[in-house]
Visitor: 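Okay, here's the structure, questions in a sec.
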Amino acid sequence: MIALFIIGLALHGLNLILPALLRDSRHLNIACNLLNAGALLCGLIFSLSALLVYQHIEYRFEVPSMGPVVIGFDGLSLFFLLTFQLLSLAASLYAIGYLPHYIERGLSVRGHLWFFTLLIVSLQLVAVVQNALVFLVVWEFMALGAYFSIVFERDKEEVRRGGFWYLVATHACVLLLYVCFLVLHEVTGSWNFDDFARHAAYDPKTLALVLLTGFAGFGIKAGFMPFHVWLPNAHPAAPAHISGLLSAINIKAGIYGIARLMMILPAQEAAYGWGLLAVSLISAVLGVWYALAQHDIKKLLAYHSVENIGIIGLGLSVAWLGRCYARPELVALGFAGALLHTLNHAIFKGLLFFGAGNVYLHAHGGNIEKMGGFARVIPLTAVGFLVGAISICGLPPFNGFVSEFIIYKSFFRAADLLHGYAPLLLLFAAVGLAFMGGLAVACFTKLYGIVFLGQNRAGVAARRQGEPGSSSIVLLGLASLCAIIGIFPDTSLRLVGPALGEFAGADQTPTEWASPIGQLQIVFLLFLALIAVIYAVKVWLQGRTGMRLAETWGCGYTAATPRMQYTASGFAAELVQLGRPMLAFAVQWTPLQSVLPVGRAFHSHCLDRMENGWLLLNRGIGRLLGALRWIQSGDIRHYVVYVFAAVVFYLLCALVW
Amino acid sequence: MVKLSSDPLSWLTCALFFAGAPLLTGIINKLKARLSGRFGPTVWQPYYELRRLARKETVYSTSAGFISRVAPVLVWCTVAFAALLLPLGRPAAVSFPGDIILFAYLLALGRFFQILAALDVASSFEGMGASREARFAVFAEPIFFFTIGSLAIVTRRYSLDTIFAAISWHDPLFFVFVSVGVLSLFFLVSAECSRMPVDDPNTHLELTMIHEVMILDASGFDLALYQHAASLKLLLYSTLAALMLNPFGVFGPAVGALVFVATLLALAAALAAIETLMARFRLVLVPQFLLFGTAIGILNIVIFTFSR
Amino acid sequence: MINVLTILFCLTLIYLAVTTRLSAYVLILVLQGALVAGVHTLAFFNNFSWSHLIVAAGVLVVRTLLIPAYIVKIIRQLDMGHGDRTRRYHPGFLVQMAGVVIGAFVISHQLSRFTPVNVIPFGAAVAGIAAGGLLIVRRRLLLAHVVGFLIIENGLFLLGIGVQAEMPWTIELAGLLDLFVLVFLMGIAINQLKSHFPEGESAELTGLQE
Amino acid sequence: MITILALLFLPLVATAFTAWKRSAHINHGVTLVAGNAHLLASLHCLVTRQNPFPGDWWLAVDPLAAFFLTILAHTFVLVVLYSPGFLRRMEGPEYDRSKRLFYPALNFYLLANTLALVVQQFALLWVVLELATFSLAPLIFFYRSKESLEAVWKYLFLVSLGLVFLFVGVLFLGLSARGVADSAALVVPRMADAAPQLNPLWLKAGFIFALVGLSAKIGLAPMHPGDIDATSNAPAPVAALMAGSLRSTAVLALLRFYQVVSPTEVRPFAQKLLVFAGLLSLAVAAVYIWRNRNYKRLLAYSSVEHLGIIALGVGIGGVALLGALLHLLFNSFGKAALFFMAGNMHRSYGSREVNSITDLMRRLPWSGFVWVLAFFYIVGTPPFGIFFSELFVLQGMIRTANWLPFTLFLALLMVIFIGMSRVVLRMLQTPSGVPPQSVAKQERWNLSHALGLYAIAASVPLAIFQPAALFDSLRAILATFGVKL
């Protein structure tokens, strides 16, 4: 089976050479993406078969500077490999339909496709490499591939700014990972993850340092709250298929890192679990609250990624608590919930971003205030987006509900098994999750209602336009995947099984932990049957009583215009005002002075307090460094003074030490 | 394990439940009329309404899309399926550990489609109603999760079917816990089912409505579905409140049913009294009102866990 | 006898603080060259060998004849005229120079208690180096910087004697050769500078900042 | 015997020949031959690790010298290969004298630096370092403009002043050996053997003066200003030469002093000093890289930063010393590539201002590509060499558990990364308002890009596969400093 994976990598390799040969053109775009898709299909078949009939495969070869390098396909790696390959396949196919619009505008696609392939290959390698040094090398390739894919439309200022945000965040993440892996290497003497796991005797101080830098480093990449700031700037800057890829799987590399750290390091301190729980809850609730206040469609979806990362973090923290208090069932529930939500989020977030890409192309811009009535213009995208919206809010028939259900179950089981303050805190976490579910419903009804329903606010005539063929196939494919996982959850549970086997303490879990979720399909099928029956009755009845179209009831006001529909900021204004301490709402408008006002404009946008915090830090560093700029004054006499001063200073130090 | 109850009687009670929903609304309207000195419509008036609507012609707005056609069916089905989960004396039609989460999220699904249907007809009034509904739902969810969630944690059971069976009266502290639970459920009823303190059910000024304005453009059989779903949801929440007192557990199935119906009527009377005596809250105060409900829930569970 | 010459060397340093005329600078350089050569010959008077004599002669030729003559040529070629007109008799410089010389002798006295180093030449050497540095820092004229550098070189040479380091004569001569080539290059540089920076002031040379 | 010929005699002959011959083409050929011969000889010394000079001479090629000779020769060959392309683009009468002086000065530079690397006598070391400075003067003064004149003046003056302090250090070293076995001849191996008996007071003073004296030439703070002006105003090949090999010669001189100091109990003090100087250089580099309008000055400050890392590595000792040596090698590769591309851009855009570089990827696609690759190389992105050497330095810091330098080092690296990426990416991506299709491509693939790519790619196999030839001699060097690996 490994041959398929190698064939996949070989095809990717070919794809790295192809852009250099052919010229910029639609054929290059189609050829490259089809080649990528073929390679990913092979990889996908390999990882699916390896997961379903699971046996641990490992390849070991020696490199002088890095010691024994291990490429291992254990449960966790295979699951993430599956997720990465699935969404890269969707992104490549989507790119076929999406990129021609840019090629017509004269943007060169060769470099972009090269870095797109580099990103896909390095993502797959990140999941399977078990050696810390090679992991860092491949991690950096991923970062570079992602950066250069983001800055595709380099001529726009905010695209460059978004790319810069991404690059700085990734570098900070890499520096923290240096510390984490170096200290581990120092303690255990080798670079391999299984040696880190085998070495049991970590003294608390080094373990604390490793865990904090590891979680912080991977947390920056995943987008937990204090470090999420790059996400809403980088993802809108990227073209749709790249921002879909970034949101769906690139930030999941951070989650993979945290899961890997949790697997190999001993869990003695429960405080980390509670800390992660707190950070995840804050990320989730504030993430969705910020999303509610956004007007740009991609920025809204980016903030939503922060929310879903928070939900995954909740699952991971319960798993960590399970390991600390030696409860195998909690470990199984926590990790299953987290991993499943990673897969589910990857699918519906990819679906939503690709849908947003189609909307972006049609509306030539991201601002949802000027949209409306797109359901009649791009119906296939509308259906796909609706399925994505329902599953991201975690509503029943689709896959979001399955993973949130497992996380709820892990909360309640943890409340049973743990004592002291634990039940209370976990109940708060469950209520937080519910509160966030409500906010998500509000946010996505706003987004879907404003963008797809009603009439177009910019007054554009709503005639049906062709959607790119391949992108609609991808959208409907992902939507059907959401439905399948949602209605038949036991398929995805078998994918998570092998990964759970490896977590310390989770191997002898009782099999019934997944019992209710396994048989949920009967419930959902019954529910769908009920809907079908009632719909049939409705159609039959309305067939007899007849239907007719008329003007919407305007309470007697006859000259209603599309501009009078509810706007996005109006829809969310009240809720956003409630979050005022954390959500700063900047409003620019001039009050009426003269009797006959000439022209009035109103503009409001939501400021992210944490982003302002980081920008303040940046300005502080700039001011601090600026204060020291007198050193290179240009006058040679100052330089001579520096020489003599240095000699005197060192001599004084010599006397002291 | 997912249990579809084999006992025909539980399915029968569910059918009775669906049929009886409009009756409760009728009773509340009758009581309100009596309290304000009017004779008021007959108790069966809602049934006549439903029959009339089922026969009328359906009118769709020009700007409405497929959402307006699908939404009423989904709204009704979610509430109906949620009703299947409730144990009315007999074991619940459908039950599995963790179905309180399914119960909450089904109602959220119904709300999702109702809001979308409101936004579909491109009218500013319906948009206003949708925005208010989305806003208050955000604060209603925590109340439900606090009451039922704390009950689940306290009784260590996670299926609606078995939670209420574990409630026993002879533990005085437990009684306080349950009564506060009923009180916070009452807050939920006023927010979810458009009862007086939060929303005025029979106002005609579109600007003040929340729930009625969302179905402004519904007509014919769609409107029938919406209205039946609304009354079904009212019955649903009142049953939850009634079951908190665990009538079937304490008095057995027969007498329990009588006590259950009596509590329902008491709740209906309370609702009617409030609607005649109070005016509607200003919209700005409603989140505060609901947060107050949540605060009671938090206090309740904190006192209960620390007192043991 | 060595002590007398080194004391004279320190006196030239003090005089340096007072004058700003270029001719005075040249005079000081010639005097210091002679003094240093004298100290060198006297220091190795007892174990007489040809190598010391060659080095002393080299020092005498290079430091008293070649370098000052070259500097005079530069002064005449660029008709610098009077020299640093900007800063008239600023007493602060004299106080600092005196302080430096006294400090140097105090340090050398303290050090002589630990290790065998003859006090007066070592003190004069340290004073010479410090005085050269002070001259560079206080004066704006570029030529003054070259003179300051040469005074530091003289101080350095004295330090060699103060520390009784018998350096092989080849290295001594190579050092002198280096010194001359360095001064030669600086001369060329100053000629070029004259074309771009008329006053030849270090204040103009601040183009390269940050 | 041939190696001595190739190392010393050939450059001397080449200098004389190129000084006499007029035609640039022949001079280039002669210099290239001398450079390659020198490279082969130093590689031979590096691999076989035997000293071609007779035992008692003041000149000797110990493993340390062999390693530095290879770096010098390698950078020299790269620069000589790049310079014809560079000189051809320098039309105009005012450059004729400079072009005339270019090759002789280069050969003389090679001779002076080789001497400085192989000399074992401290005082002679001082003389030869002076020579190396003189050889650079005409090269820096190539453009004959106002700035290059000011740069030459400052560089000459400050480095000479620094070397005066070096000579004071040498005298104090001699003083510390007073009374002990007559090692007054100040020869490195004998001083190293007699080190434990040296007088620690004078040894400490000697090391201080040597460090201050040499850091003017190395470019360590606070004596870096002269060096910054010279590197940023010199022509691209000369700047690459300075950044690559001149600073490593000064580092070797410092290592000679450290060789004498390391067996004694003055070593901890010396290490603290080096760590302080390293961190100070990193800080100063961070201050000026954060917001800089001139990309050549940015590269100069990047050299100060990397030399700071090397001083830090030497100061930490143990595996960090290995990291410092490797960093020296990889830094010379990276700097060569960066300065070559900076040269191309300076020629094409005519200015050193960052804001004047627009539409880089459309006008100079190859230079832009190599420029960005070199940027990711120098900042320490994993697959390239700098990452591995910085990792060794970090490992050394963790092993000796001094956490303050560790955190400061990482924080300053982050600040420097932000500063440099801001400048490099703005140069790469700012559009010039002219519609993309009408921007003409102004260059084809030529030797400078090949050299840049070669320099960057060469570090990857060296760092990952750690060839025995290189790493055995590195272990021998570490042994001379008493470090067992």
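Each chain gets a letter, A, B and so on, in the order the sequences are listed, and its residues count up from 1.
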Visitor: Measuring centre to centre across the rings, with the benzene-like ring taken for any Trp, is Trp139(A) within less than 6.0 Å of Phe218(A)?
Guide: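 Yes, the ring centres sit under 6.0 Å apart.
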Visitor: Taking only residues at least two apart or on different chains, which pairs with a member in residues 150-166 of chain A satisfy salt bridge (charged side-chain N to carboxylate O under 4.0 Å, His left out)?
Guide: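 Listed once each, the pairs are Arg105(A)-Glu153(A), Glu153(A)-Lys156(A), Asp155(A)-Arg362(D), Glu157(A)-Arg160(A).
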Visitor: Is the charged tip of Arg609(A) near the ring of Tyr290(A): under 6.0 Å from the six-membered ring centre and within 45° of its axis?
Guide: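 Here Arg609(A) fails the 6.0 Å and 45° test against Tyr290(A).
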Visitor: What are the residues of residues 614-633 of chain A, in order of number, with any heavy atom under 4.5 angstrom from a heavy atom of chain C?
Guide: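 Near chain C, by residue number: Arg629(A), Gln632(A), Ser633(A).
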Visitor: Could you list the donor-acceptor pairs under 3.5 angstrom formed between side-chain atoms of residues 95-109 of chain C and any protein atom two or more places apart in sequence or on another chain?
Guide:
| from | atom 1 | to | atom 2 | distance (Å) |
| --- | --- | --- | --- | --- |
| Gln96(C) | OE1 | Arg138(C) | NH1 | 2.9 |
| Ser108(C) | OG | Val119(C) | O | 3.0 |

Visitor: What part of Leu208(C) gets closer than 4.5 Å to chain A, counting heavy atoms only: side chain, backbone, both or neither?
Guide: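 Only the backbone of Leu208(C) comes within 4.5 Å of chain A.
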Visitor: Checking the side chain of Trp114(A) only, and the main-chain atoms of Leu16(A) only, is there a donor and an acceptor separated by less than 3.5 Å?
Guide: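 Checked: pair present.
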Visitor: What residues form a side chain to side chain contact (heavy atoms under 4.5 Å, CB included) with Ala69(C), not counting sequence neighbours?
Guide: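 Applying side chain to side chain contact (heavy atoms under 4.5 Å, CB included) to Ala69(C) gives none.
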